[in-house]
Amino acid sequence: MKNKLQRIREDFLKQLAEIKDPNFLHELEIKYLSRKGELSELMGGLKDLSVDLKKEVGELANSVKKELQEKFNEASKALNNFSGKNNVVDVTLPGTKLERGHLNPITLVQNELEDIFTSLGFMILDGPELESDYYNFTALNVAPNHPARDMQDTFYVDLKNKDGQYDLLMRTQTSPVQVRAMQKYGAPLKALIPGRCFRNEATDARHEHTFYQVEGMLIGKNINFANLKSFLEIVGQKLFGPSTKLRMRPKFFPFVEPGNNGEYTCFLCQGKGCRVCKNTGWLEIVGAGLIHPDVLRAGGIDPEIYSGLAFGFGLNRLAMLKYNINDVRLFNSGDLKFLEQF
Ligand code: DAH
């Protein structure tokens, strides 16, 4: 009986080693390890043996059975891993989607503007969001008690400077970087300044305390109003398409003279009139003008030699028009359902 056990063991291991296809494993299992298999059959004969032999052969048979079962399990695991179900690649299944980040619509519009202006030879500049009262207002021709300050209330930092004045505020516009840039680079100068601005606003669908602007300026010799007009026309055509027209309407901004609002043909209705342009056919997009001599002086540039043009866009408004966004507060909401659409 011991010999028979030995033979079964050897046969089993030999056959197991030869199996390359997991489908044949089952046959082997039935033949040797199942309830009606050779091992069980042999163990069924144990009852006819003497008590001593029964113990000895029984123990041996059990250890062989355990060994064969383990070897079988190992082989079956290896074969299945290699070519079994787990490893089948169904190329028709959709792949696992990689989560990708999204650029904020403001960033998309900003990138577009930066491309347009760098192609026109402008450099892109940055400036501080926590700004001094001087650069944000005074240097831009808005004296401390000037009524124009009322239009741009903001958040002040509760810290007095050495003259006992509250001096630091969150900038209300990107315009302060005009004077900073003039002081740093002098004339001639072509610069585009995108950035975040702040105002003490009661927020609603069209007003927000934190928003984005892009400022632009071009300083050189003999820069005049005709230059401003043709320049804004080019910008409008690059932004909204070649058939875009410009209309300029006078508007007061303390740091330019003369100042105006630039309006472009509504790109949604091609100027026919629609809900977005309030049936006028025009979209108010850009504030602009010729830089006031006092502002040039504050920047250390002689207005007798140089003149310049300046303009400012609201980036949120551009993005709202372009992507049909109806509430400015969505930009700061951190709402992924909103952001994932871009
Ligand atoms: N800073 C102005 C604002 O926030 C926008 C502006 C208007 C900028 C006219 C300019 C400009 O450079 O010339 O309303």
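All ligand and atom numbering here is 1-based and tracks the order in the structure.
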Check your understanding: Who's touching ligand 1 if we go heavy atoms under 4.0 Å?
Key -> Q152, Q173, S175, Q178, R199, Q213, E215, F253, F255, V256, G287, A288, G289, A310, F311, G312

Hey, can you pull the donor-acceptor pairs under 3.5 Å for the side chains in residues 304-320, sequence neighbours left out?
from : atom 1 : to   : atom 2 : distance (Å)
S307 : OG     : I223 : N      : 2.9
S307 : OG     : I223 : O      : 2.9
N316 : OD1    : Y212 : N      : 2.7
R317 : NE     : E284 : O      : 2.8
R317 : NH2    : E284 : O      : 2.9

Check your understanding: In chain order, what residues pass the side-chain contact (heavy atoms from CB on, under 4.5 Å) check against I116, with sequence neighbours excluded?
Key -> L120, K238, L239

Point to revise | Whether D163 side chain and Q165 backbone form a donor-acceptor pair below 3.5 Å | key: no

Review point. Is the centre of the F231 ring less than 6.0 Å from the centre of the F122 ring?
Key: yes

Residues 44-53 side chain polar contacts: donor-acceptor under 3.5 Å, at least two apart:
from : atom 1 : to  : atom 2 : distance (Å)
K47  : NZ     : G44 : O      : 3.3
S50  : OG     : L53 : N      : 3.3

Review point. Which pair of non-hydrogen atoms, one from Q152 and one from T172, has the smallest distance, and what is that distance?
Key: OE1-OG1, 2.5 Å

